[in-house]
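Okay, so here's the structure we're looking at.
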There are 2 protein chains.
Amino acid sequence: MSTTPLAAPRRATITDVAREAGTGKTSISRYLNGEMSVLSPELRSRIEAAIERLNYQPNQMARGLKRGRNRLIGMLLADLTNPYSVEVLQGVEAACHALGLMPLICHAANEVEMERRYLQLLTTYRVEGVIVNALGVREETLRPVGGGGIPAVLVDRSVDGLVADMVGLDNRAAAELGTRHLLDNGFDDIWFVVQPFEQVSSRQLREAAFREVISGVGGARGHTLVLNLAEPAAVERALAELDRAIDADGGPGDAVASVTGNATSSVTVRTGGKASRIALFAANAPVALCLALHLKARYGADWQARVALLSIDDPEWAELTGITAIRQPTYEIGYRAVEFLHERIEGVQATARDCLLPGELIVRASTLR
Amino acid sequence: MSTTPLAAPRRATITDVAREAGTGKTSISRYLNGEMSVLSPELRSRIEAAIERLNYQPNQMARGLKRGRNRLIGMLLADLTNPYSVEVLQGVEAACHALGLMPLICHAANEVEMERRYLQLLTTYRVEGVIVNALGVREETLRPVGGGGIPAVLVDRSVDGLVADMVGLDNRAAAELGTRHLLDNGFDDIWFVVQPFEQVSSRQLREAAFREVISGVGGARGHTLVLNLAEPAAVERALAELDRAIDADGGPGDAVASVTGNATSSVTVRTGGKASRIALFAANAPVALCLALHLKARYGADWQARVALLSIDDPEWAELTGITAIRQPTYEIGYRAVEFLHERIEGVQATARDCLLPGELIVRASTLR
DNA sequence: CTGTTAGCGCATTCAG
DNA sequence: CTGAATGCGCTAACAG
């Protein structure tokens with residue numbers, strides 16, 4: 001009774017269990033590691049009982065320290081606010097579960113400094129590998145990772161000068177798919193809207209593919225509009241440019257009764273006349289949302305009659321609002337990333353691999369005229 | 001030269017640094033812990049140099065094992081797919097950053113089994129505390145947490161039989177606010193739509209408050225519709241019931257040219273006639289989205305003319321679609337949760353506290369007639 | 001089959 | 001001011 005006051009119910013250790021079971025720590029350890037065949041049934045049940053009685057739970061920190069591996073991997077996300085990230089995460093979690101890994105999820109919230117800090121933290125916690133959906137930063141930040149350091153696989157974007165496996169959307173194909181779809185549906189004036197390229201390879205690839213397709217089609221006009229979502233003033237300016245283009249275009253049908261910009265009272269009658277030739281191609285969901293919000297504010301609830309919107313990423317509101325989208329195989333991206341990482345952790349040496357998964361075009365009313 | 005082949009660039013340990021700096025481990029340890037005043041400037045710079053040269057990074061696992069605290073806390077989320085979770089997370093991260101804590105984010109993905117597994121995992125990693133946005137499960141699962149076990153604070157929902165701090169929306173007030181708003185705007189037939197109550201206290205509280213307000217107002221009719229989002233068939237049935245009510249209601253204006261249910265060709269002319277008396281009050285964003293998707297599919301793009309929608313939670317698409325919402329102080333909820341937990345970790349003994357934060361009504365076109 | 005002995009990397013007395 | 005010694009909880013050789 002005088003052993004331990006109820007003050008701090010210190011957690012039982014392997015030693016406690018050994019004593020309680022009247023045996024040595026080794027046997028307990030063996031039990032914990034499933035080496036059942038090496039334990040007499042009798043001892044085994046005594047151990048079981050002791051563990052139960054003491055409500056013992058092995059300390060992973062200590063285990064990790066000893067054996068040099070802790071089954072932890074880091075998952076560094078640039079922006080959880082982007083549905084893309086959450087979806088990828090689901091795949092990551094599933095794969096981790098299947099492979100006996102535990103993902104430490106770190107959210108950089110679009111801040112380079114945060115990214116650096118978390119990477120450092122993951123390193124000090126000796127994670128066995130990291131999956132990183134990097135911000136657009138110099139390879140420098142990722143120095144401790146990849147090549148010389150701990151195994152890493154990149155998601156969605158590659159990083160200049162950083163050799164590592166990478167898995168993501170087949171951006172070329174996706175951008176082509178989207179552009180062709182718009183072209184095929186009679187849109188010959190297409191605005192590709194994208195966040196600042198910075199070092200984000202996926203943005204660059206998407207835009208390049210877009211331009212390439214456009215330039216290969218006579219009579220089609222293509223524009224690239226950079227939308228710096230982090231900079232309200234810049235957004236304002238870019239959208240103004242877009243507005244001018246849309247206004248100049250003259251509108252969708254032959255008869256537009258009225259478009260007041262007041263969402264609650266606009267009355268628009270679409271008569272099925274000649275299609276609008278302008279379409280917006282958003283490079284990802286955040287951009288698409290920004291565009292949609294602006295268009296709705298400017299042209300009213302019926303903004304979709306005025307301009308078509310196609311987005312890479314298929315956020316939950318896409319269906320609701322009827323915009324066309326290219327859905328990324330997010331779950332699989334996450335899953336594959338973990339598989340790659342796992343191989344790497346297990347020592348596979350192959351040269352850096354790229355895994356490009358195809359996107360799926362989901363046609364909705366917005367781009368059908 | 002024969003010490004370590006380039007094979008496995010083993011990470012430098014404190015011992016390596018000590019040797020490199022020509023001193024003992026203790027001094028390194030002191031340096032790491034910022035006990036600068038106890039080190040001669042000379043030794044100090046030697047240590048600095050050695051650390052730099054070896055690119056040394058202290059092993060947090062070992063530190064944690066030794067000092068008994070690892071600055072880790074668990075953040076268990078029921079469903080990251082719900083924007084609410086992501087927003088709360090932002091607050092959690094900010095607070096952790098400020099308090100020198102590292103959150104381990106665990107995503108139960110609505111699976112009770114996952115929740116149990118993660119809780120167990122967090123325990124074995126000896127996190128100093130956990131913040132849990134629990135699934136609707138029995139206290140049993142959370143046994144290791146709270147009272148006797150590791151400090152815990154609940155977010156959004158309390159758990160029967162589990163005494164712990166809890167922080168979340170003032171559900172009573174929020175539901176009243178929403179209901180009153182609808183009533184004030186002429187809606188006298190209100191459907192409160194909510195996921196199965198199970199053990200989720202917030203759902204119960206919101207619904208109870210709704211009913212209470214309704215029953216206090218003569219002439220107002222209130223219904224509660226349970227929408228089990230995990231069960232497509234059940235959703236189907238519930239929505240059918242709703243449809244009957246809406247159809248019976250007769251529609252919004254005096255003249256409805258045509259409502260075909262085909263989103264791409266519906267032509268509706270709203271003439272500003274008498275308001276529809278039916279309004280839907282969604283208990284949270286996932287429910288609101290489900291409703292909106294259904295209504296759009298059934299009544300066409302102009303579904304909002306037919307029925308009003310108000311939601312607790314203000315998802316990104318709310319503004320776009322113009323539905324009224326009650327925004328939760330998500331960031332603050334997360335922030336406060338960490339603060340509470342931190343106090344607990346530091347040994348504060350006060351009895352379980354409840355922190356109810358107010359929601360903010362954001363009126364949009366949907367509920368204005 | 002089972003127990004003893006050494007550390008894993010680090011923080012902490014406790015003597016210099 | 002500084003360093004040697006001790007052990008956190010656990011696993012991994014080695015002996016019984």
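Atoms considered below: every heavy atom in the structure, side chains included; atoms not considered: hydrogens, waters and symmetry mates.
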[X] side chain N/O closer than 4.0 Å to the phosphate oxygens (OP1, OP2) of [N]?
{"X": "B/Asn33", "N": "C/dA11", "value": "yes"}
{"X": "A/Thr15", "N": "D/dC10", "value": "no"}
{"X": "B/Ser40", "N": "D/dT2", "value": "yes"}
{"X": "B/Arg63", "N": "C/dA11", "value": "yes"}
{"X": "A/Tyr31", "N": "D/dC10", "value": "no"}

Strictly by modelled atom types, are A/Glu20 and A/Tyr56 linked by a side-chain donor-acceptor pair under 3.5 Å?
no
Residue pair B/Ser85 / B/Asp79, side-chain donor-acceptor N/O under 3.5 Å
no
For a side-chain hydrogen bond (donor to acceptor under 3.5 Å, both in side chains) check, start with the C-alpha distance between A/Glu48 and A/Tyr31, then their side-chain angles and the critical distance, and finish with the verdict.
CA-CA 9 Å; A/Glu48 244 151 22; A/Tyr31 177 88; 2.9 Å; yes
Kindly point out which of [options] is positioned nearest to the side chain of [X]?
{"X": "A/Leu43", "options": "D/dG9, C/dG3, D/dG3", "answer": "C/dG3"}
{"X": "B/Ser27", "options": "C/dG7, C/dC10, D/dT2", "answer": "D/dT2"}
{"X": "A/Arg67", "options": "D/dA12, C/dC10, D/dC10", "answer": "D/dA12"}
{"X": "A/Ile14", "options": "C/dT2, C/dG9, D/dC10", "answer": "D/dC10"}

Residue whose closest nucleotide on DNA chain D lies nearer the 5' end, A/Leu32 versus B/Val38
B/Val38
Any donor-acceptor N/O pair under 3.5 Å between [N] base and [X] side chain:
{"X": "B/Lys66", "N": "D/dG7", "value": "yes"}
{"X": "B/Arg11", "N": "C/dG9", "value": "no"}
{"X": "B/Arg30", "N": "D/dG3", "value": "yes"}
{"X": "B/Thr26", "N": "D/dA4", "value": "yes"}

Could you state the atom-to-atom distance from [atom1] of [X] to [atom2] of [N] in whole Å?
{"X": "A/Lys25", "N": "C/dG7", "atom1": "NZ", "atom2": "C1'", "value": "11 Å"}
{"X": "B/Glu35", "N": "D/dC1", "atom1": "CD", "atom2": "P", "value": "13 Å"}
{"X": "A/Leu65", "N": "C/dA11", "atom1": "CG", "atom2": "P", "value": "12 Å"}
{"X": "A/Asn70", "N": "D/dT11", "atom1": "CG", "atom2": "P", "value": "13 Å"}
{"X": "A/Ile47", "N": "D/dC10", "atom1": "CD1", "atom2": "P", "value": "13 Å"}
{"X": "B/Arg69", "N": "C/dT12", "atom1": "CZ", "atom2": "C1'", "value": "16 Å"}
{"X": "B/Arg19", "N": "D/dT2", "atom1": "CZ", "atom2": "P", "value": "20 Å"}
{"X": "A/Asp16", "N": "D/dC10", "atom1": "CG", "atom2": "C1'", "value": "13 Å"}

What does A/Ile28 touch in the nucleic acid at a heavy-atom separation under 4.0 angstrom: a base, only the sugar-phosphate, or nothing?
nothing
So B/Thr124, base contact, sugar-phosphate only, or nothing? Heavy-atom distance under 4.0 Å.
nothing
Measuring from A/Tyr118:OH to A/Glu111:CD, what's the distance to the nearest 0.5 Å?
10.5 Å
Before giving the answer on salt bridge (Lys or Arg N to Asp or Glu O under 4.0 Å), spell out for B/Glu346 and B/Arg69 the whole-Å C-alpha distance, their side-chain angles and the decisive distance to 0.1 Å.
CA-CA 11 Å; B/Glu346 296 307 324; B/Arg69 53 181 350 200; 3.4 Å; yes
Lys/Arg-Asp/Glu bridge criterion (N-O < 4.0 Å) met for A/Arg353, A/Glu343
yes
